[in-house]
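Have a look at the structure below before the remarks.
Both counts, for ligands and for their atoms, begin at 1 and track the order of listing.
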Amino acid sequence: MKLPAIGFGTYQMQGEQCVTAVRTALDAGYRLIDTAALYDNEAEVGRAIRESGIPRDEIVLTTKIRGRNHGFDEAQEACRESLRKLGLDYVDLLLIHWPNPQNDRYIDTWEAMVELQEDGLTAAIGVSNFTPTTLDRIIAKTGVTPLVNQIELHPYFQQEKMRELHAELGIITQAWSPLGRKSDLLTDPVLIDIAAEHGVSTAQVALRWTIQLGNIPIPKSTSAARIQQNFDVFSFELNEGDMLAMATLERGTLSSLDPETSEVL
Ligand code: A2P
């Protein structure tokens, strides 16, 4: 399965604003759209896709099984419910949203997703926010490696160890919060200098950095101008000096959620 180099995220987008944003993203050229049962906007995302007129097989649509639906039967029903809300016959990528290791039901969930893939309800399966332990465990128990692991990743949280592990296991890294939401990443002096050098914005620098490291960023925006700007990251290239300067920016996670301990339902 081929995945686009950049996707469009829809976390915290609701109602008509969500429909408009996804339509704007599709019109701008995005072909990877990322939603989740937890975002409560699958109906809007599905409507935007159907109304876009773009052939369904040209769009890669991701949704996610939420924590409260972990378990074999629960996950199967949750996928069918997502498809009903989306108004679609299949998704392209179905992810486990959080491992919730304390509940210890993510292996049953994964086994259900293997069957959903065999039945054609999803073209591919993957995970999100999985750690080395939870990744190793689903692979060891089922023999099935996730296509992707979608994790927090931006220049302030570079996830070097997880990226190395993914490379060893042949897992694609998708980056959530690639713009470092709730931080001052986009006004960081290092990014400002690099952006000026290339005549682009700091957001474009952050996204380009993620892509050049071999990851797929999933930025989100509700502004048409920023949706278009974030897609315009293929007409310039960061040089070795830029990449080295950005490698020094590591600070750690910006999230209050820890995939080792947090339960996200
Ligand atoms: P807005 O919807 O007003 O554009 P992240 O994906 O890292 O969580 O960050 C998303 C946030 O970054 C959103 O709040 C979005 O706000 C903002 N954002 C998205 N694209 C840009 C951009 N090109 N420049 C500045 N802010 C942006």
Return the closest protein heavy atom for [atom] as residue, atom name and distance.
atom                    : answer
atom 20 (N) of ligand 1 : N230 ND2, 2.9 Å
atom 9 (O) of ligand 1  : R181 CB, 3.6 Å
atom 8 (O) of ligand 1  : K220 NZ, 2.7 Å

Counting only heavy atoms on the protein side, is anything nearer than 4.0 Å to atom 24 (N) of ligand 1?
->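 Yes, at least one protein heavy atom sits under 4.0 Å from atom 24 (N) of ligand 1.
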Check your understanding: Less than 4.0 Å between atom 16 (O) of ligand 1 and some protein heavy atom, yes or no?
Key ->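 Looking at atom 16 (O) of ligand 1, one finds that no protein heavy atom lies closer than 4.0 Å.
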Is the ring pair F157/H154 parallel, tilted or perpendicular, if the boundaries are 30 and 60 degrees?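 Geometry flag for H154 against F157: tilted rings.
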Checking E42 against S82: is there a side-chain donor and acceptor pair closer than 3.5 Å?
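Per modelled atom types, S82 and E42 side chains form a pair under 3.5 Å.
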If we ignore angles and hydrogens, is there a donor and acceptor under 3.5 Å between the side chains of H166 and N215?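 Per modelled atom types, H166 and N215 side chains form no pair under 3.5 Å.
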Between [X] and ligand 1, which residue portion shows a heavy-atom distance shorter than 4.0 Å: side chain, backbone, both, or neither?
X    : result
T202 : neither
A203 : side chain
P178 : both

Subject >> Pair R47 + E16: basic N to acidic O under 4.0 Å >> reply: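 So R47 pairs with E16 through a salt bridge.
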Practice item. Please check if the side chain of E250 supplies one atom and the backbone of Q158 the other of a donor-acceptor pair under 3.5 Å. Key: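 A pair under 3.5 Å: yes.
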Salt bridge (Lys or Arg N to Asp or Glu O under 4.0 Å) with R56: which residues, sequence neighbours excluded?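 So R56 forms a salt bridge (Lys or Arg N to Asp or Glu O under 4.0 Å) with D92.
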